[in-house]
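Have a look at the structure below before the remarks.
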Amino acid sequence: MESIAQLLQKIPKYDGLPEMLQALIPIIVSSIVIFALLALAVLFMVWLERKVSAHIQDRLGPMVVGGWHGWAQTIADALKLLLKEDIVPESVDRVLFKMAPFIVFLGAFAAFVVLPFGASSFVTDLNIGILYIVAVSSLSVIGIIMAGWASNNKYSLYGSMRAAAQVISYEIPAAVAIMTVVIYVGSLSMVEIVRAQEGGFLNWFLFRNPFLFLAFIVYFIASLAEVNRTPFDLPEAESELVAGYHTEYSGMRFAFFFLAEYANMFLVSSVAATLFLGGWTAPFSILQFIPGPVVFFVKALVLIFIQMWMRWSLPRLRVDQLMYINWKVLLPISFALILGAGWMAIL
Amino acid sequence: MLTYFRNIGQGILTIVNSMAVASRHLFKPSVTLQYPKEKWAMPERSRMRLHNKVEDCIGCGQCARTCPTDCILVKTEKRGKEEPPVFAADGTAKKLRTYVFDIDMALCCYCGLCTFACPTQCLVMTGDYEYSVYSIDEHIYHFAKEKPLIPAGSKEQSPSKG
């Protein structure tokens, strides 16, 4: 935000504006910039998902709209969703029903405030950055429960109950895996965490020691469950629950759920890239001429690709298996990892 | 305790295995055919849309008689004695003037019997399979080019079409 504020200073007569506006305009501008970036990233990710899923199944995926490999397919789909009628079923709780998609999206959107895309391109550097992300991203569960409850539909309610159980339980191993990194950095600030990994890929926390490598895997699995991706997509299991918590939604509100889902995917991938893959720092010193945001996006996209790859190769878990993996496997392992990582840090 | 670790190991192995299978398929050439742009070559002697090379048709009406669904309608009249003789490509004299030769492709069952019956081999099945239209009436193809001398309705060689 500092850089945006500096840019805004160059506008003539900007200093003449009232102080409240001067404080407000950078916030509005940076949120618009992040929203635009996010929407673009989501459009690209949806296209990528369709392409990856198609090629894994020996198909081609969208090929027509826009010419080259159907690159404009998601733009057309998004326009269609925005132009559709906003249907509100008769027996829903209207206020909650209308509010829920935006709260779900808010949870994903607010976390982007502290993500460092580059050495100087971030909105703000909170000194409790990663804690803020963990706290804010669990806000979307409230939105999901609101959607499921307000829809007055048993499938929606089942989906949102599962989502709540799953997201809240998997937050624990994810947070403990994040703690292992914090032990080494000694700070919760996202920028500080990246600065601690500067200087080639051997300095990344992923390759520092085996405990951190396993912590990355634990975080990756837990984050898959947090964003309801296959094999943990029980809240929206098509074969059991129609569409889960967004069964009753259509048009723009459905689009917001969709946007939030992919924004969450992008968020957990970016957090993993920041914590374990060195954020904006280049893997080799030769590659340092590449701008930081590009490196960051490439790393996030690689992780997103792995998420998609897993989605199209693994079947969905059962509810009891889901809980088994969390409480009996990931949680003990993450506690062992935090002990091991702490021991290595003292050495 | 041992089964616990064995289960975890087995789980990791199966995940790695299934992801390896998926990645192999990721780089396999796709089986999809981009249909309107690319098409399969149809086998020789495919039985699809009928075509009548009406210049060679002698108007015998055998096709109409052999058709199991009565989808061919042929109407002919005799040529006058003073008219110059007309011949088909294989030398058969065209004694009759075919002024109606309609095929209703919506009724056709693609058996190909009409093409076997045709003495001058002017009625053939082509390999063309893309002829969907908006109205079913457009599936009636009018092949005849000549006009009758005597007003229509006075003479009919072939019975009415189905």
Side-chain angles (χ1 to χ4, degrees), chain A residues 48-70 73 173 213-214 216-218 220-221 224-225 229-232 302-303 305-318 320-322 324-334 336-337, chain B residues 1-49 51 105-106 108 110 125-139 141:
Chain A
L48 188 72
E49 171 109 57
R50 296 174 75 168
K51 276 299 186 189
V52 168
S53 67
H55 282 280
I56 283 180
Q57 295 167 355
D58 294 350
R59 297 181 288 117
L60 284 173
M63 287 293 282
V64 176
V65 184
W68 184 80
H69 282 257
Q73 180 68 54
F213 185 80
L214 285 177
F216 169 73
I217 290 173
V218 168
F220 188 78
I221 295 171
L224 276 183
R229 293 284 298 178
T230 321
F232 304 106
V302 168
L303 289 175
F305 172 76
I306 296 174
Q307 285 187 356
M308 292 172 180
W309 183 9
M310 287 192 99
R311 172 170 179 187
W312 296 103
S313 41
L314 297 178
R316 187 183 305 125
L317 294 178
R318 251 179 5 232
D320 63 314
Q321 291 169 332
L322 179 89
Y324 179 92
I325 287 181
N326 181 48
W327 297 108
K328 289 191 170 171
V329 180
L330 288 185
L331 197 61
I333 287 179
S334 61
L337 287 178
Chain B
M1 200 64 190
L2 196 66
T3 42
Y4 171 79
F5 285 110
R6 197 179 292 142
N7 281 344
I8 293 175
Q10 211 175 16
I12 291 167
L13 263 180
T14 43
I15 289 171
V16 170
N17 257 338
S18 59
M19 284 179 79
V21 170
S23 65
R24 266 206 303 283
H25 280 274
L26 186 59
F27 298 106
K28 240 181 165 178
S30 160
V31 294
T32 311
L33 193 74
Q34 291 290 296
Y35 164 61
K37 287 178 199 157
E38 313 163 17
K39 284 169 195 169
W40 270 344
M42 296 313 293
E44 262 184 86
R45 305 174 63 191
S46 306
R47 297 208 304 249
M48 283 157 210
R49 174 145 73 170
H51 177 73
M105 282 312 283
C108 181
Y110 303 92
M125 290 198 126
T126 61
D128 180 16
Y129 53 91
E130 296 159 307
Y131 47 97
S132 48
V133 286
Y134 283 102
S135 161
I136 200 161
D137 296 335
E138 289 170 58
H139 266 314
Y141 298 132

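Computation of the quantities below employed the complete heavy-atom set of this structure, encompassing side-chain atoms and omitting hydrogens, waters and symmetry-equivalent molecules. Lettering follows sequence order; numbering is per chain, from 1.
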List the atom of A:R59, the atom of B:T32, and the distance in Å for their closest heavy-atom pair. CA-OG1, 3.4 Å
So does A:G61 get a backbone contact from the side chain of A:R50, meaning a donor-acceptor N/O pair under 3.5 Å? no
Would you say the side chain of A:F232 lies within less than 4.5 Å of the side chain of A:Q321, judging by non-hydrogen atoms?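 In short, these two side chains do not touch, never coming nearer than 4.5 Å.
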Flag the pair B:E138 / B:Y131 as yes when at least one side-chain heavy-atom distance between them is below 4.5 Å, and no otherwise. no
Side chain to side chain contact (heavy atoms under 4.5 Å, CB included) between A:L322 and A:N326, worked out: CA-CA 6 Å; A:L322 179 89; A:N326 181 48; over 6 Å; no
Any chance CD1 of B:I136 has more than 12 other-residue heavy atoms, nucleotides or ligands included, within less than 6.0 Å?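 Check fails, neighbour count at 12 or below.
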Residue-level interface, residues 17-30 of chain B with chain A, non-hydrogen cut-off under 4.5 Å: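 If one takes a 4.5 Å heavy-atom cut-off, the residues of residues 17-30 of chain B near chain A are B:S18, B:M19, B:A22, B:S23, B:H25, B:L26, B:K28, B:S30.
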